[in-house]
4 protein chains.
Amino acid sequence: MPKVSEQHLEARKQQIGAAAFQCFARKGFHPTTMQDICAEAGLSAGAVYRYFDSKQAIIGSACDVTQETSDQELLAGAIETTDTRQMLQGLADAFFSRLDGPDATTQNRAILQLWAEVAVNDDVRGSFKEREATIADGMSAIVVEAQGRGDFEAALDFQSVVRAMFALYDGFRLQKAIDPSIPTAPYVTVVKALLTGSFWTGVVPEPAKA
Amino acid sequence: MPKVSEQHLEARKQQIGAAAFQCFARKGFHPTTMQDICAEAGLSAGAVYRYFDSKQAIIGSACDVTQETSDQELLAGAIETTDTRQMLQGLADAFFSRLDGPDATTQNRAILQLWAEVAVNDDVRGSFKEREATIADGMSAIVVEAQGRGDFEAALDFQSVVRAMFALYDGFRLQKAIDPSIPTAPYVTVVKALLTGSFWTGVVPEPAKA
Amino acid sequence: MPKVSEQHLEARKQQIGAAAFQCFARKGFHPTTMQDICAEAGLSAGAVYRYFDSKQAIIGSACDVTQETSDQELLAGAIETTDTRQMLQGLADAFFSRLDGPDATTQNRAILQLWAEVAVNDDVRGSFKEREATIADGMSAIVVEAQGRGDFEAALDFQSVVRAMFALYDGFRLQKAIDPSIPTAPYVTVVKALLTGSFWTGVVPEPAKA
Amino acid sequence: MPKVSEQHLEARKQQIGAAAFQCFARKGFHPTTMQDICAEAGLSAGAVYRYFDSKQAIIGSACDVTQETSDQELLAGAIETTDTRQMLQGLADAFFSRLDGPDATTQNRAILQLWAEVAVNDDVRGSFKEREATIADGMSAIVVEAQGRGDFEAALDFQSVVRAMFALYDGFRLQKAIDPSIPTAPYVTVVKALLTGSFWTGVVPEPAKA
DNA sequence: GATGAATGAGATTTCATTCAT
DNA sequence: GATGAATGAAATCTCATTCAT
């Protein structure tokens, strides 16, 4: 009966992964002990090791899980919208709404751990960059499109524009990880204003090349 | 002659702190062993423990050192400029130039470690938040001023504006920590464009409530 | 089946405690290393720490174990005897016979370590005094009884009489700890003589208050 | 000028020895660190090592110092008294008065440490036994004399009698080390009573072999 | 002679991992 | 499949001792 086994195996991995995730968000990867994970998962050490080869493997798995996989879908939906402003606002709402969920703080803190690990651990950096690249590609397409439509200044490096969008998201996530009481809504308003031209209300000089 | 001793003590602390900083940027706080730090500092374990009570103390010290203290000066200089655009551009140049220094990558990676630790370790969170608050206050003054001058949309929550500025900085730092080859200049151009109204070139709707 | 586990746990604690006891008697508490104890117990460091939280805990446990618990029974038996002389002789035989057992020297040396520790370590002093008090109470009852019967000089402070009895026991134990070859029997004879009036054979003056 | 040097050297040794003694009484030999001793003596580590080769040497020296050297004189004085009772009372007063001096507790606790060490450390055992033997010899002479005079039961093993006297002294010292509040006077009364026949007031049987 | 910074061996303790049951 | 006792390498930290100044 490989089906049952398969399912069971997947379920257990899930269970252990979720437990580990909690622990990691709470204490960080390295201070978390296997005992912590076992206790959180309600399993014995032996059991955990049946499903994961090592603590590193659990960390690796947690790193993979950490990044939302639905990013793609959000982007795919967005690109069909041809009104740039509307699309940006939709995207912003979609992305930032994830920072207000019930376990957003857990998520955010775990992601901080992930970033720190990625900066330092070659094993997880690879897949991290890959995933980032995928989303970045999706965003790039959107940015280029908007530039084509004449909504974003065409002279700007589109990759840097994508980076700025990422930064506005991740940088805020960082702040909420450290202080979860920060309200999301007014921040999103500012982000929308920045991206859609209602932030700066002063004089705008003639384009560089006049 | 306590002067000599005092100076020596400070110098050694500096030396050990710098060594630890390197290690932390390279491996993270917890995977770094005292041996690593001793080797990097060229000292024996006993010597290191004459200057720091524990590894935790070294981490704490590194966390304090990590944040640039010159932020204040930059802001102090900026607030005297009354041309908002010019001021923002100056600020952006000043801040972002720090991400291209010779050991910027070390700095950036160490800061990732710091963020991760702050999210998880009450002992370092306190002083971290304090320092952040100080800078945030400086920025707030600038933002409020700019809103007063009619350069930033007055309806925007000024705290959120500050957060967005932080995010644009820290979020990019995160990216450079993970991939140091990213060029800073085009990103700074985008940031300036965002903040000074030359990013969005499409139609700008009438203010929400006209 | 918690029974097995419970029993196992107790057995292991016993085993480790006994091993530690040997080591302590051989080298003293502080010069004994955990390695010594592990080796004596035939266990790894990790195993030992599953049953005791720290070396201090092992010392504490050894201190508790060190004092014979059967003292009470001896005294309980004694108090039923109404012939003071016979009772004292029985008690002396019972107590001192313990100084000639196979591992009496180990015991004696361990007790020296205990005394030294008690004088210096608040943590173990408490329970030590408690246990001593219990035995002292038992002895006191006997002494008061004997005074009531007119066998011991009534004017003597009964607590000091008890102390003298303790001293005759512990002081000899001290000697045997240092030189185990000292024979017990002639010493016991002297003790009996002292307590039952056949030691001093010279003139006895009239009682103080004549 | 060897004289000055000699004197200086002796003075420093004294100073260090006294400091060490305090520390030992307070914490025991092994938990006492060289730093403790240096601090107590008001000297640097280097200075201490100029006068003592090692910590062991300091312990050894402390062990030598610990035992009162005036024992001999007391005994020498005593043996000239021909009234056994008077002599015993004088001896008891002389010896026990030492347990009430200002730093008697320090002394007592240090001696506990010494005993524990002697039981365990061959290096100090030798000189300890020697010194004990000297005093024991002095006491033996007194006891034999008293037996000759018909004051102590002649059938008793004189060495065991000496041991009993030691025990009454050391055993009480042990008690005072642990609880310094115990009063000495009533105890001495009991000791005198035991040794001079006024303790047991009941019927005394005929000598074993009549 | 004196200092006290430095050494480095060694002590205690933890924890990822294994394996007999 | 699951358990959890056992392992032992490795980490943090201490402290007796030395030696340049």
Side-chain angles (χ1 to χ4, degrees), chain A residues 4-5 8-9 12 30-39 41-59, chain B residues 1 4-5 8-9 11-12 16 30-38 41-59, chain C residues 1 4-5 8-9 11-12 16 30-38 41-59, chain D residues 4-5 8-9 12 30-39 41-59:
Chain A
V4 173
S5 233
H8 176 79
L9 189 138
R12 276 275 192 261
H30 302 289
T32 292
T33 70
M34 289 302 285
Q35 279 314 311
D36 290 335
I37 296 173
C38 294
L43 287 171
S44 68
V48 168
Y49 272 88
R50 177 168 289 276
Y51 300 98
F52 287 94
D53 283 348
S54 66
K55 188 184 170 185
Q56 260 317 305
I58 299 181
I59 292 180
Chain B
M1 279 140 245
V4 174
S5 213
H8 175 82
L9 189 139
R12 274 276 189 264
I16 294 165
H30 301 288
T32 292
T33 71
M34 289 305 288
Q35 282 311 314
D36 291 334
I37 296 173
C38 294
L43 287 171
S44 65
V48 169
Y49 275 91
R50 171 173 287 272
Y51 301 98
F52 288 94
D53 282 348
S54 65
K55 188 185 169 185
Q56 261 316 303
I58 300 181
I59 292 180
Chain C
M1 278 142 241
V4 173
S5 215
H8 176 79
L9 189 139
R12 274 275 189 264
I16 293 166
H30 302 288
T32 292
T33 70
M34 289 304 289
Q35 283 311 314
D36 291 335
I37 296 172
C38 294
L43 287 171
S44 67
V48 168
Y49 274 89
R50 170 172 287 272
Y51 300 98
F52 288 93
D53 282 346
S54 65
K55 188 185 169 184
Q56 260 317 305
I58 300 182
I59 292 180
Chain D
V4 172
S5 234
H8 177 78
L9 189 139
R12 276 274 193 262
H30 301 288
T32 292
T33 71
M34 288 303 285
Q35 279 313 310
D36 290 335
I37 296 173
C38 294
L43 287 171
S44 68
V48 169
Y49 272 89
R50 177 167 289 274
Y51 301 99
F52 287 94
D53 283 348
S54 66
K55 188 184 171 184
Q56 260 317 304
I58 299 182
I59 292 180

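Heavy-atom basis, side chains included; hydrogens, waters and symmetry copies ignored. Treat the numbers as computed from the prediction; the structure is a model and nothing was measured. Sequence lines set the chain letters: A, B, ... in the order given, protein chains first and strands last, and positions in each chain run from 1.
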Using heavy atoms to find the nearest nucleotide of DNA chain E for Gly42(B) and His30(A) separately, return the residue whose nucleotide is more 5′.
Gly42(B)
Could you tell me the separation between the NZ atom of Lys55(A) and the P atom of dT14(E), rounded to a whole number of Å?
15 Å
Separation between CZ (Arg50(A)) and CG (Leu43(A)), nearest 0.5 Å, reads 12.0 Å
Arg12(C) vs Val48(C), test: side-chain contact (heavy atoms from CB on, under 4.5 Å). Steps then yes/no.
CA-CA 9 Å; Arg12(C) 274 275 189 264; Val48(C) 168; over 6 Å; no
Under the side chain to side chain contact (heavy atoms under 4.5 Å, CB included) test, residues paired with Ala57(D) that sit two or more places apart
Phe52(D), Ser54(D)
Just jot down the side chain to side chain contact (heavy atoms under 4.5 Å, CB included) partners of Ser44(A), sequence neighbours excluded, or say none.
Ala47(A)
Spacing of His30(D) atom NE2 and Thr32(C) atom OG1 [to the nearest 0.5 Å]:
9.5 Å
Between Gln56(D) and Ser44(A), just flag the one whose closest nucleotide in DNA chain F comes earlier from the 5' side.
Ser44(A)
Residues of residues 45-54 of chain A with a heavy atom under 4.0 Å from any atom of DNA chain F, listed by number, are Ala45(A), Gly46(A), Ala47(A), Arg50(A), Tyr51(A)
Starting at CD1 of Ile37(A), measure out to CD1 of Ile58(A) and round the result to the nearest 0.5 Å.
4.5 Å
Considering every strand and a 4.0 Å limit on heavy-atom distances, what is the contact class for Thr33(D): base, sugar-phosphate, or nothing?
sugar-phosphate
Rounded to whole Å, the CE-P distance (Met34(B) to dT13(E)) equals 18 Å
For Tyr49(D), enumerate each residue passing the side chain to side chain contact (heavy atoms under 4.5 Å, CB included) test, keeping only those at least two apart in sequence or located in another chain.
Met34(D)
Between which nucleotides of DNA chain F, read 5' to 3', does contact with chain A run, using atoms under 4.0 Å from its heavy atoms?
dG1(F) to dG4(F)
Intra- and inter-strand pairs of DNA chain F in dot-bracket (Watson-Crick or G-U wobble, both distances under 3.5 Å; | for another strand):
.||||||||||||||||||||
Identify, between Thr32(D) and Gln35(C), the residue whose nearest nucleotide on DNA chain F lies closer to the 5' end.
Gln35(C)
Which atoms form the tightest heavy-atom contact between Cys38(A) and Ala45(A), and what is the distance?
SG-CA, 3.6 Å
